[in-house]
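Below is one structure, written out as structure tokens; the observations come after it.
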Amino acid sequence: QKLDELALGLNVQFKTGSSLIEPHFKQQLDDVVYAMSLAPELKLDLAGYADRQGDASYNQALSEQRLAEVRRYLIDNGIDESRLHSRAFGDTAPLNAEASLENNFFDRRVTLKLSSERGMLAAQ
């Protein structure tokens, strides 16, 4: 059941201008590491985002830093780099068309989606 919950996707949220992973998100990442240790066929798709505050080049760099922090955390905790696929989008993919304090919070994220080689082959 835990694997099903993880397969739905997970977001690691960040404070404005920060790439620091908050402690409660580390616990969630530890759960992902555990699930992946039980199922070696699982791979992880990571996508980094920033909100629309600031200029586009800064936001792109910030989304890349956030992605790098999550990748480093997973690798440092035993996930082989070959099992991670990463892409940073900067501020180009907001969740909502309208920018607001709440919407900006949800845009500052790295999303994690588990996939299996079998699932990826079936999708092709």
Exercise for the section: Walk me through it: do Asp31 and Leu10 pass the test side-chain contact (heavy atoms from CB on, under 4.5 Å)? Expected result: CA-CA 11 Å; Asp31 291 343; Leu10 168 72; over 6 Å; no
Handout entry: Distance, nearest 0.5 Å, that separates OG of Ser37 from CD1 of Ile79
Key = 7.0 Å
Practice task
Examine distances only and state if a side-chain atom of Gln60 and a backbone atom of Ala88 form a donor-acceptor pair shorter than 3.5 Å.
Solution key: yes
Practice task
Nearest 0.5 Å please: distance from the CZ atom of Arg109 over to the CG atom of Asn11.
Solution key: 6.0 Å
Handout entry: Asp76: partners by side chain to side chain donor-acceptor pair (under 3.5 Å), with sequence neighbours left out
Key = none
Problem - With sequence neighbours excluded, residues passing side chain to side chain donor-acceptor pair (under 3.5 Å) with Asn77 - result: none
Problem - Any donor-acceptor N/O pair, Arg83 side chain to Leu42 backbone, under 3.5 Å - result: yes
Handout entry: Expected output: side-chain Asp80 to main-chain Ser82 donor-acceptor under 3.5 Å
Key = yes
Exercise for the section: Decide whether Val70 and Leu67 are clustered together by the hydrophobic rule: side chain heavy atoms of Ile, Leu, Val, Met, Phe, Trp, Tyr closer than 4.5 Å, transitively. Expected result: yes
Handout entry: CZ-CZ distance between Arg52 and Arg108, expressed to the nearest 0.5 angstrom
Key = 11.5 Å
Exercise for the section: To the nearest 0.5 angstrom, please state how far the NE2 atom of His85 sits from the CG atom of Leu44. Expected result: 11.5 Å
Exercise for the section: Might you point out which heavy atoms bring Asn59 and Ala50 nearest each other, and give the distance in Å? Expected result: O-CB, 3.5 Å
Practice task
Give every residue pair that meets the salt bridge (charged side-chain N to carboxylate O under 4.0 Å, His left out) criterion with at least one member in residues 58-71, sequence neighbours excluded.
Solution key: Glu69-Arg72, Arg71-Glu81
Exercise for the section: Kindly compute the distance separating NZ (Lys43) from CG (Leu114), expressed to the nearest 0.5 Å. Expected result: 12.0 Å
Exercise for the section: Could you pull out all residues at least two apart from Gln53 that satisfy side chain to side chain donor-acceptor pair (under 3.5 Å)? Expected result: Asp51
Problem - Leu20: hydrophobic cluster co-members (side-chain, 4.5 Å) - result: none
Handout entry: Residues in side chain to side chain contact (heavy atoms under 4.5 Å, CB included) contact with Thr92, at least two apart in sequence or another chain
Key = Phe89
Practice task
With sequence neighbours excluded, tell me which residues meet ring-ring contact (aromatic ring centres under 6.0 Å, His included) with Phe25.
Solution key: none
Fill in the blank from the handout: In this structure, CG of Leu62 is separated from CG of Asp91 (nearest 0.5 Å) by 10.0 Å
Problem - Linked, directly or transitively: Tyr58 and Val110 (ILVMFWY side chains, under 4.5 Å) - result: no
Problem - Atom of Tyr73, atom of Ile21 and distance for their closest heavy-atom approach - result: CB-CD1, 4.0 Å
Handout entry: Residues in ring-ring contact (aromatic ring centres under 6.0 Å, His included) contact with Phe14, at least two apart in sequence or another chain
Key = none
